[in-house]
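See structure below.
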Amino acid sequence: MSKQQHFDVLIIGTGSAGLMSALQLSDDLNIALIAKDKLLEGSSYYAQGGISAVLDINDNFTTHVQDTLSTAKGLGDKTAIRFMVENAPKAIASLERSGVEFTKDKDNYHLTTEGGHSHRRVVHIADKTGQSIQINLLKSVKEKNNITLFENYIAIDLLIKSHDCHGAYILNKNTHQVESFISHKTIIATGGASKAYLYTSNPDTSTGDGIAMAYRAKCVITNMEFTQFHPTCLYHPHAKSFLITEALRGEGGKLILPNGKTFMHEFDSREELAPRDIVARAIDAQIKIHGLDCVYLDISFKDKNWIKQHFPTIYKKCQSLGIDIAIDAIPVVPAAHYTCGGVQTNLNSQTNVGNLYAVGEVAYTGVHGANRMASNSLLECVVFAKSCANHINQQSTTLAHKKFSQWDASKAAPSKEKVVVSHLWDEIRRIMWNFVGIVRSNKRLKYAQYRLDQIQAEVNDYYKLYLISSDLIELRNLVQSAQLIVQSAISRTESRGLHYNEDYPQQANQATNTIIKKS
């Protein structure tokens, strides 16, 4: 008999959004916090850059809002952006109360700049901001008596009754048993879907789980065609998913060809500090025109001690691979980095399904629109986690828990063909990279849709016949997320922000969101 557990609030995901939500919820609530892998494994942990916030006397909220709107290419929700920007200083203060120590220059924050920003407004902890935030938030969570942590548990599907959410079926990866987590309120904080691509800066956990589960539960999914490709991922056979932070370009780093020639001036007057979509397409063009494996990012004109002080993580990583960035330029390529679309939410992080909230990269709040401005993502996590928790704190959780049938695996058989799962996983990622990448076309998108439909049919058959496993759950979610990206990309008959289609190179006069909802 499978296990059933009851909680006031179920939080699926232990990145910055999940941990901050847990910390802001009332101590009177009984909270379950689910990690599909190790507690700290996730995109937040690997975020190097920082958090944007107006903390300088020469900066102001209006400019931060305008910079974000400009980067969003007509699809930014001004109300949501202003809400995030005006709450940014308070978000920084909340993190500091949890023990986060931001890099200071004497008594002031050391502020850096990144693409799209017109002021220095990115507060950071050297080049390991996400890691420091995660460690400190987790420490604070572990000090709370009302929060129970579940490590190595992966959600399968949400428990839905009368269009309300009441928890989720979750696989205990240690016992291989499916458990029912029944809750009054559920928060999805599972991150994005960039693992759908062959080359990505994301860890293996970014398989679109929350987006796929929410879609199956009939949530509104918005603007999934906007996958942000980070322009500078380290190009090296032994450097899996290692990002070279945009802050390095913010401090003057130059993109160059193998012969040392710069090229960004040919694409945008802001050169290396243009928004990420422009920089990624520029690099992609140079690689294709010159038949290169990569381009290079050069910061070697800076003093070695300065480099080691400001970018210690990058310096050590490159050094371990035989690259001295104080002497050598860094080989880089674009890689899928951030899912700008996701589960549609309001300012309280509510979805259109009752009792269900979405926070962080899994959500579409409207603050990114067609392109995310650098360092607004960790900010979005913290600000909307707080508004989500505040809303839940005002709701009643005294009603009796709904009853759900236990997970039935009596008709499923043990899988003897695990190679099928790994093969389909690899094929999805290659299809997405080759046909739904930085530059798209109608023909490539239609082929991707055709093949992904076939793969989903195979996955659905496999899912019905065999016992559930972590790999199968992720495969099911990955193909669903990939299909949503392709369907959204086909629907957009223009080029805007991160979505560039050779058959529709112009931007339409009117900006509209791409909305998908399961019938």
Side-chain angles (χ1 to χ4, degrees), residues 156-157 190-200 202 204-229 335-343 361-362 364 417-466 469-493 498-504 514-519:
I156 303 167
D157 266 320
T190 52
S194 287
K195 205 67 187 178
Y197 286 89
L198 186 61
Y199 300 110
T200 174
N202 286 197
D204 292 340
T205 52
S206 300
T207 50
D209 300 336
I211 294 167
M213 286 193 299
Y215 172 74
R216 292 192 291 267
K218 299 187 178 180
C219 284
V220 173
I221 308 297
T222 304
N223 290 347
M224 282 297 290
E225 67 270 38
F226 298 120
T227 297
Q228 186 176 73
F229 289 81
H337 180 59
Y338 192 88
T339 305
C340 288
V343 185
E361 191 177 353
V362 71
Y364 182 83
E417 299 290 340
K418 291 185 179 178
V419 67
V420 174
V421 173
S422 60
H423 171 79
L424 292 177
W425 173 285
D426 185 63
E427 187 176 356
I428 292 164
R429 300 182 69 212
R430 289 184 185 278
I431 288 168
M432 293 299 289
W433 185 259
N434 291 327
F435 300 101
V436 200
I438 296 169
V439 176
R440 299 161 179 177
S441 72
N442 289 348
K443 187 175 181 180
R444 290 198 287 269
L445 290 172
K446 284 291 185 184
Y447 174 78
Q449 185 179 51
Y450 167 75
R451 186 65 192 111
L452 288 170
D453 285 348
Q454 290 180 317
I455 292 172
Q456 185 173 54
E458 293 177 52
V459 171
N460 286 345
D461 286 343
Y462 202 92
Y463 181 78
K464 291 170 188 172
L465 291 171
Y466 298 110
S469 69
S470 177
D471 288 344
L472 182 54
I473 293 167
E474 289 187 320
L475 176 65
R476 181 178 179 236
N477 292 330
L478 195 77
V479 69
Q480 182 67 79
S481 297
Q483 284 184 305
L484 291 169
I485 293 168
V486 173
Q487 187 180 339
S488 299
I490 289 172
S491 298
R492 187 165 294 281
T493 54
L498 298 165
H499 173 75
Y500 185 84
N501 187 330
E502 292 174 329
D503 294 307
Y504 307 110
T514 305
I515 304 292
I516 298 175
K517 185 183 175 186
K518 188 177 176 70
S519 60

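Since we're looking at a predicted model, the values are computed, not measured. Counting begins at 1 with the first residue of the sequence.
Side-chain contact between V220 and I515 is present, with at least one heavy-atom pair separated by less than 4.5 Å. Considering only heavy atoms from C-beta on, T227 stays 4.5 Å or farther from Y338 through its side chain. Between V343 and Y364 the shortest side-chain heavy-atom distance does not fall below 4.5 Å. F229 is not listed as a side-chain neighbour of H337, based on a closest heavy-atom distance of 4.5 Å or more. Under the 4.5 Å side-chain criterion, counting only non-hydrogen atoms from C-beta, K443 is not in contact with K446. Residues R440 and Y504 have side chains not in contact (no heavy-atom distance under 4.5 Å, counting atoms from C-beta outward).
The nearest pair of heavy atoms linking Y462 to L472 is CD2-CD1, 3.6 Å. What you find for H499 and A489 is that their closest heavy atoms are CE1-O, 3.5 Å. In plain terms, the two heavy atoms of G342 and M224 that are nearest each other are N-SD, 3.7 Å. Taking each heavy atom of V486 and A448 in turn, the nearest pair found is CG2-CB, 4.2 Å.
Note that the CG atom of N442 and the CD1 atom of I490 stand 8.0 Å from one another [nearest 0.5 Å]. I211 contributes atom CD1, which lies 11.0 Å from atom SG of C219 (distance to the nearest 0.5 angstrom). Atom SG of residue C340 and atom CD of residue E361 lie 8.0 Å apart, to the nearest 0.5 angstrom. The CD1 atom of I473 sits 9.5 Å away from the OG1 atom of T207 when rounded to the nearest 0.5 Å. If you take CD on E225 and CD1 on I516, they are separated by 8.0 Å, rounding to the nearest 0.5 Å. Between the CG atom of L445 and the CZ atom of F435 there is a distance of 10.5 Å, given to the nearest 0.5 Å.
Side chain of T339 to backbone of A193: a donor-acceptor contact under 3.5 angstrom is found. Looking at T190, its side chain does come within 3.5 Å of a backbone N or O of G210 through a donor-acceptor pair. No donor-acceptor pair under 3.5 Å is formed between the side chain of T514 and the backbone N or O of N223. Of the possible polar contacts, none joining the T200 side chain to the Y197 backbone as a donor-acceptor pair under 3.5 Å is found. Under the 3.5 Å distance criterion, the side-chain polar atoms of S206 are left unmatched by any main-chain donor or acceptor of N202.
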Margin query: For a side-chain hydrogen bond (donor to acceptor under 3.5 Å, both in side chains) check, start with the C-alpha distance between Q483 and Q456, then their side-chain angles and the critical distance, and finish with the verdict.
Written below: CA-CA 9 Å; Q483 284 184 305; Q456 185 173 54; 2.9 Å; yes
Notebook entry, point to check: When you look at V436 and R444, which way does the side-chain contact (heavy atoms from CB on, under 4.5 Å) test go after all the steps?
Noted result: CA-CA 7 Å; V436 200; R444 290 198 287 269; over 6 Å; no
Notebook entry, point to check: Could you walk me through whether Q480 and N460 pass the side-chain contact (heavy atoms from CB on, under 4.5 Å) check?
Noted result: CA-CA 11 Å; Q480 182 67 79; N460 286 345; over 6 Å; no
Margin query: Between R476 and I156, does the side-chain contact (heavy atoms from CB on, under 4.5 Å) criterion hold? Intermediate values first, please.
Written below: CA-CA 10 Å; R476 181 178 179 236; I156 303 167; 4.3 Å; yes
Notebook entry, point to check: Passes side-chain contact (heavy atoms from CB on, under 4.5 Å), I455 versus I431? Steps please.
Noted result: CA-CA 11 Å; I455 292 172; I431 288 168; 3.9 Å; yes
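Donor-acceptor pairing under 3.5 Å is lacking for the side chains of S469 and D471. Side chain to side chain, R429 and N434 fail the donor-acceptor criterion of an N or O pair below 3.5 Å.
Electrostatic pairing of E458 and R451 counts as a salt bridge here, judged by a charged N lying under 4.0 Å from a carboxylate O. Salt bridge annotation for E474-K195: absent, with no cationic side-chain nitrogen under 4.0 angstrom from a carboxylate oxygen.
Counting non-hydrogen atoms of other residues, nucleotides and ligands closer than 6.0 Å to OH of Y463 gives a total above 12.
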